[in-house]
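Quick notes on the structure that follows.
Here, residue 1 is the first one in the sequence, and each next residue gets the next number. Computed from a predicted structure; not experimentally measured.
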Amino acid sequence: MSKFNNKKSGDMPPVSTASLPDIVFMLLFFFMTVTVMKSDDLRIENVLPNASEVKKLEKKDRIVYIHIGQPRKEYQEVFGTASRIQVNDKFIAVAEVGSYVLSAIGEKPEALQRLVTIALKVDKNANMGLIDDVKEELRKVNALKINYTTYEGDVFANLK
């Protein structure tokens with residue numbers, strides 16, 4: 001008869017790490033393709049007001065953002081303390097709002113161009129006359145879907 005060797009009862013086989021680099025690179029490529037880098041540098045004060053009735057916009061690819069507020073302290077020496085309009089990384093005049101919105105809508109896919117919403121991120125201390133002027137320019141280019149971005153909270157906290 002032949003003699004059989006029994007395995008030792010406490011030994012575990014070593015863990016194979018051959019596929020570990022493949023998994024790491026697969027995760028790396030996944031996060032590189034999914035991650036969106038922040039592209040805008042906000043140069044204005046933008047303390048959004050509170051609102052009691054808030055609805056979240058679901059589709060981010062259908063939104064064009066316009067920021068309105070006073071320049072931050074490091075930009076006040078150059079741009080003054082009056083409320084300004086910022087799109088992307090630059091300040092624009094009220095007369096340029098229409099052309100900016102039309103070019104931003106033109107960059108969207110044709111199927112989404114009719115569904116674009118203009119999101120106004122307005123500082124709670126901004127001049128209402130400037131906001132009215134922006135809305136008038138949006139009417140001129142037929143951009144009538146406007147959203148005011150706010151925080152959910154107590155409305156009376158805005159009075160402070």
Side-chain angles (χ1 to χ4, degrees), residues 21-160:
D22 294 335
I23 294 170
V24 168
F25 282 113
M26 183 174 58
L27 287 172
L28 177 68
F29 288 135
F30 171 76
F31 286 113
M32 285 175 56
T33 56
V34 172
T35 303
V36 176
M37 301 300 284
K38 182 179 175 186
S39 61
D40 294 341
D41 180 27
L42 199 58
R43 297 179 181 181
I44 61 170
E45 294 291 333
N46 202 346
V47 179
L48 300 176
N50 294 328
S52 58
E53 299 295 323
V54 177
K55 182 179 177 187
K56 185 175 181 178
L57 294 175
E58 298 296 327
K59 309 278 183 171
K60 300 290 183 188
D61 58 342
R62 301 175 183 180
I63 302 173
V64 175
Y65 292 101
I66 298 175
H67 301 276
I68 301 174
Q70 293 179 343
R72 291 194 330 210
K73 293 199 187 292
E74 57 264 22
Y75 298 108
Q76 285 182 358
E77 188 173 304
V78 177
F79 297 108
T81 59
S83 294
R84 303 285 304 234
I85 303 166
Q86 180 184 347
V87 293
N88 296 335
D89 280 336
K90 64 179 183 173
F91 290 122
I92 63 171
V94 175
E96 299 174 53
V97 170
S99 61
Y100 166 74
V101 168
L102 288 177
S103 66
I105 291 174
E107 293 173 0
K108 306 277 184 194
E110 189 172 338
L112 298 179
Q113 288 181 359
R114 300 179 73 208
L115 305 172
V116 170
T117 301
I118 310 302
L120 296 177
K121 289 190 168 188
V122 181
D123 184 56
K124 66 181 178 180
N125 297 322
N127 185 357
M128 191 61 195
L130 180 62
I131 298 167
D132 285 337
D133 293 342
V134 169
K135 286 172 48 179
E136 187 64 36
E137 289 295 318
L138 292 173
R139 280 188 206 113
K140 288 179 184 177
V141 295
N142 204 26
L144 303 176
K145 288 179 72 175
I146 299 174
N147 176 35
Y148 291 97
T149 305
T150 64
Y151 291 127
E152 186 171 7
D154 183 22
V155 178
F156 295 109
N158 296 329
L159 301 176
K160 294 179 183 178

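- When side chains are defined from C-beta on, Phe91 does not count as touching Val78, because their heavy atoms never get closer than 4.5 Å.
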Does the pair Ile66 and Val101 meet the rule for a side-chain contact (heavy atoms from CB on, under 4.5 Å), with working shown?
-> CA-CA 9 Å; Ile66 298 175; Val101 168; 4.0 Å; yes
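- Counting heavy atoms from C-beta outward, Asp61 and Leu112 have side chains that approach closer than 4.5 Å.
- A donor-acceptor distance shorter than 3.5 angstrom exists from the side chain of Asn158 to the backbone of Asn50, with no hydrogens or angles considered.
- Open room surrounds NZ on Lys90; 12 or fewer heavy atoms of other groups in view lie less than 6.0 Å from it.
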Should Asn125 and Gln70 be marked as a side-chain contact (heavy atoms from CB on, under 4.5 Å) after you check the CA-CA gap, both sets of side-chain angles, and the distance that decides it?
-> CA-CA 8 Å; Asn125 297 322; Gln70 293 179 343; 5.6 Å; no
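- For the atom pair Glu137 CD and Ser99 OG, the distance stands at 9.0 Å (nearest 0.5 Å).
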Please report the C-alpha distance between Asp22 and Met26 in whole Å, then the side-chain angles of each, then the deciding distance to 0.1 Å, and finally whether the side-chain contact (heavy atoms from CB on, under 4.5 Å) criterion is met.
-> CA-CA 6 Å; Asp22 294 335; Met26 183 174 58; over 6 Å; no
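- Between Tyr65 and His67, the ring planes lie parallel to each other; the angle is under 30°, not in the 30° to 60° tilted range.
- When Val141, Ile85, Ile105, Asn88 are each tested for a side-chain contact (heavy atoms from CB on, under 4.5 Å) with Tyr100, only one passes: Asn88.
- Atom CD in Glu152 sits 11.5 Å away from atom NZ in Lys56 (nearest 0.5 Å).
- A donor-acceptor pair under 3.5 Å is absent between the side-chain atoms of Arg62 and the main chain of Leu57, judged by distance alone.
- Considering only heavy atoms from C-beta on, Ile63 stays 4.5 Å or farther from Lys59 through its side chain.
- When all heavy atoms of Ile118 and Ala143 are compared, the pair lying nearest together is CG1-CB, 4.1 Å.
- Few gaps surround CD on Glu74; more than 12 heavy atoms of other groups in view lie less than 6.0 Å from it.
- Side chain of Gln86 to backbone of Asp41: a donor-acceptor contact under 3.5 angstrom is found.
- Lys135 contributes atom NZ, which lies 11.5 Å from atom CG of Leu144 (distance to the nearest 0.5 angstrom).
- Considering CG of Asp133 and CG of Leu138, their distance stands at 11.0 Å, rounded to 0.5 Å.
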Just do the side-chain contact (heavy atoms from CB on, under 4.5 Å) check on Lys145 and Val116 with the steps written out, would you?
-> CA-CA 7 Å; Lys145 288 179 72 175; Val116 170; over 6 Å; no
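- The shortest heavy-atom contact between Gly80 and Pro71 is O-CG, 3.4 Å.
- For Thr33 (side chain) and Phe30 (main-chain N/O), a donor-acceptor pair under 3.5 Å exists by modelled atom type.
- To the nearest 0.5 Å, atoms CZ (Arg84) and CG (Asp123) are separated by 15.0 Å.
- Contact detail for Val94 and Val134: the closest heavy-atom pair is CG1-N, 4.4 Å.
- The minimum heavy-atom distance linking Ala126 with Ile68 is given by the pair CB-CG2, 4.2 Å.
- For Thr149 against Ala119, the heavy-atom pair with the smallest separation is OG1-CB, 4.0 Å.
- Between the side chain of Gln113 and the backbone N or O of Lys108 there is at least one donor-acceptor pair closer than 3.5 Å.
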